[in-house]
Amino acid sequence: MNLLEVSNVSKNYTGHKALDNVSLSVPEGTIYGLLGPNGAGKTTLIRIINHITAPDSGEVVFNGHPLTAADVTNIGYLPEERGLYKKMKVGEQAVFFARLKGLSKAEATRSLREWFERFDILSWWNRKVEELSKGMAQKVQFIVTVLHRPKLLIFDEPFSGFDPINANLLKEEIIRLKNEGSTVIFSTHNMASVEELCENITLINRGQNILTGNVNKIRRDYSDGRYDIVFNGNSNELMNALLPLAGNFEVTQASRERESLRLLINPGTSLRDIIEVANNTVEISAINEVMASMNDIFISTVGTADTEIK
Amino acid sequence: MANKIGIIIGREFKERVHKKSFIITTILMPIFMLALMAAPALIMMVSSGETRDFLVVDESGVIAQNLKNTEETRFTPVTVSLDSALNNKEVNGVLYIPQGVVESNKTIRLYTNGASSMTLENGITSDVNDIIESIRLKSYNIENLNEIMDKIHSDVKLQSIRTDKSEDEAQSSTELSYFLGVSLTFLLYMCLLLYGQMVMTSIIEEKNNRVLEIVVSSVKPTQIMLGKILGICSVAVTQIVIWGILIAAMSAFILPAITPAEMSAEVNALNAGTLDAAGASTDIELLQAMSVLGNGGYIIQLFVLLILFLVGGFLLYSAIYAAIGSAVDNIQDAGQLQSFIIFPIIIGIIFGMTAAGDPTSSLSMWMSFIPFTSPMVMMARIPSGIPGWEIAVSLIILYASFLAAIWVAAKIYRVGIFMYGKKPSFKDLIRWARYK
């Protein structure tokens, strides 16, 4: 079942189309990547989903009914550009935001204490925000976003400003929230984290949805038949043996003193032939299909779309 | 939804009322105001130590000896010629009185080696005129002239009573009305400017540190704006109410304590309508002022109206302040747009001051209906006791304009808070207000 359905949404600002007939569906309980270059219209789309701005045309269906203002209590949004009231105390401020999302004061205080304990930041409760570092403030913001247990979570560049340890902590929390049933929309320029976290993506460029679907399928579709063979043995021998069947060889060091050969299979040759030849030459420990990286897919699709427009 | 506005109002209110600056201004302002009122008297006391010396070259020979020295001016008659008197640089100046000044009107001259003053010149002119008049009178050789003069001398006092008011309020003090009118206008002017600007700067701040991006995901922009305006409004009202209580306490406990018994008796007589003004030992205006200030019902009525006009005026102006604040990135960019607010406020205070002096003129009346100037002009007129329907009409127009202004401001705000980096013009604001 899809938690969120965006159908044919358009939004115009004077002079330019921020969104042009964009549709996407976010399945419940998954992490969905919303990608696109700067200024593509992602933020506008997120604002429409958050009921901050209204689309000029099109429809947003949330949890089976057209999106209303009351639905914002079931959505948690962590914007890319974010801040807190500097002069307010951390705890007081978190309670304020939680109450705006519909929690009672007592409820908010109770679950905030839980979260603060989990993140080991309970001692910040009575400190003013201006005394916190940027990373610390981001943690507080993350908690504020997820505190009311929303069905839909929208994170815009959630890892920016975090050190690797805290970024990892955050990643685990996001996965945990997903496992507990939350649906996550995840907007980022960090393609590695998209490959790692997202099941489906939509790529927006110049207000249009130019690529949408399952991440693994997309990566396979964009793959060009390259394989990595990890083996023990002489790499030159292997290359010579495979020369009639494949090309574009690249040798790299693999772990545990093994080597890895990347190759592109010639047309008309099957993987079975390759394995047979290789198996006679070296000791194979693994063969993997090389999937196109999201980074390459992003660059090639956005790049082509841009040249088409020009 | 209303609940969310309430949460925002609560946050705005708490943040400001807990500030040290709020507590300090709330307590210090009445003291500062009292000091401001006492200042002219203090300055006069200090500056009176200065004495100006003048030489008098009197060719008529009858004026100089009659000139009276005061604390500020001292006249020394000399017999030397004008030219040699002018050579004396140690005195502040020379007064020259030509021959025959008693017989026919002539010009007397004051030579000063520095700036003179209007008070000084008027004082000398009227002194010399009085002397010449009495010399001329004496020349008619009237018997018992001094007795006659004493009997002729008149000193009536005017006690004005309103015929369009009930007995209680009939006592009216024009001077007090003027004073109250000017003070209330000024108070309102300060509140509109200070608290209105507070709305603007705090919106700019929220926009700049991007906390708004988080708030808008939970609350509609219009509700955020309303919450902010109403929150700051309640701070302003709290402050005025505290001032009101402080002033009421002062007048209830301190005023009777420092008023001489004789004066209180006269105030009571005035209230009972049995006072003969001419026989009173205290100035009638002062007595009337004291009588009005002792009238609790009148003070409360005035106070309630002050709050109504303050809230109405504040809401109207702060809606515009909010629209401007949402549109700009920093306070410097707000400068030009702010003139749309400052200008009407300045006009308001100018006409307010005029209206305090002449509350019934038709200009004052119209100005107290126009919403941008009405709070200030109305507060200047109310102490003089104007018809209730005028106040009602003015209030209705004011609150209706607030609704219109907030409607337009909300449209601009909604767009403005997401606009960064560009300094918007007035035209941009109008365009944003038209967005669907």
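This one's a predicted model, so the numbers in the text were calculated from it and none came from an experiment. The sequence lines fix the lettering, A, B, ..., with proteins before strands; numbering per chain opens at 1.
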message: Tell me whether B:K220 contacts the main-chain N or O of A:H51 through its side chain, where contact means a donor paired with an acceptor under 3.5 Å.
response: yes
- request: With chain B as the partner chain, list the residues of residues 98-109 of chain A whose heavy atoms fall under 4.5 Å from it, by residue number, and write 'none' if nothing qualifies.
  value: A:R99, A:L100, A:K101
message: Which residues pass the salt bridge (charged side-chain N to carboxylate O under 4.0 Å, His left out) test with A:D20, not counting sequence neighbours?
response: A:K17
Please report the interatomic distance [atom1]([X]) to [atom2]([Y]), rounded to the nearest 0.5 Å.
X	Y	atom1	atom2	answer
A:E81	B:I214	CD	CD1	11.0 Å
A:I52	B:S217	CD1	OG	5.5 Å
B:F418	A:Y13	CZ	OH	8.0 Å
A:F96	B:E15	CZ	CD	9.5 Å

So with a 6.0 Å cut-off around [atom1] of [X], is the heavy-atom count from everything else above 12?
X	atom1	result
B:F402	CZ	yes
B:Q336	CD	no
A:K89	NZ	no

- request: With sequence neighbours excluded, tell me which residues meet side-chain contact (heavy atoms from CB on, under 4.5 Å) with B:Q332.
  value: B:N330
query: So, A:E92 and B:K14, do they make that salt bridge, N to O below 4.0 Å?
result: yes
task: Tell me, for B:V219 versus chain A, whether the close heavy atoms (under 4.5 Å) come from the side chain, the backbone, both or neither.
output: side chain
statement: Under 4.5 Å to a heavy atom of chain A? For B:I8 that would be both
With the side chain counted from C-beta on, respond yes when [X] and [Y] share a heavy-atom pair under 4.5 Å apart, and no when they do not.
X	Y	answer
B:V215	A:F97	yes
B:K19	A:K87	no
B:R11	A:M88	yes

query: Which residues in residues 184-210 of chain B have any heavy atom lying under 4.5 Å from a heavy atom of chain A?
result: B:E206, B:N209, B:R210
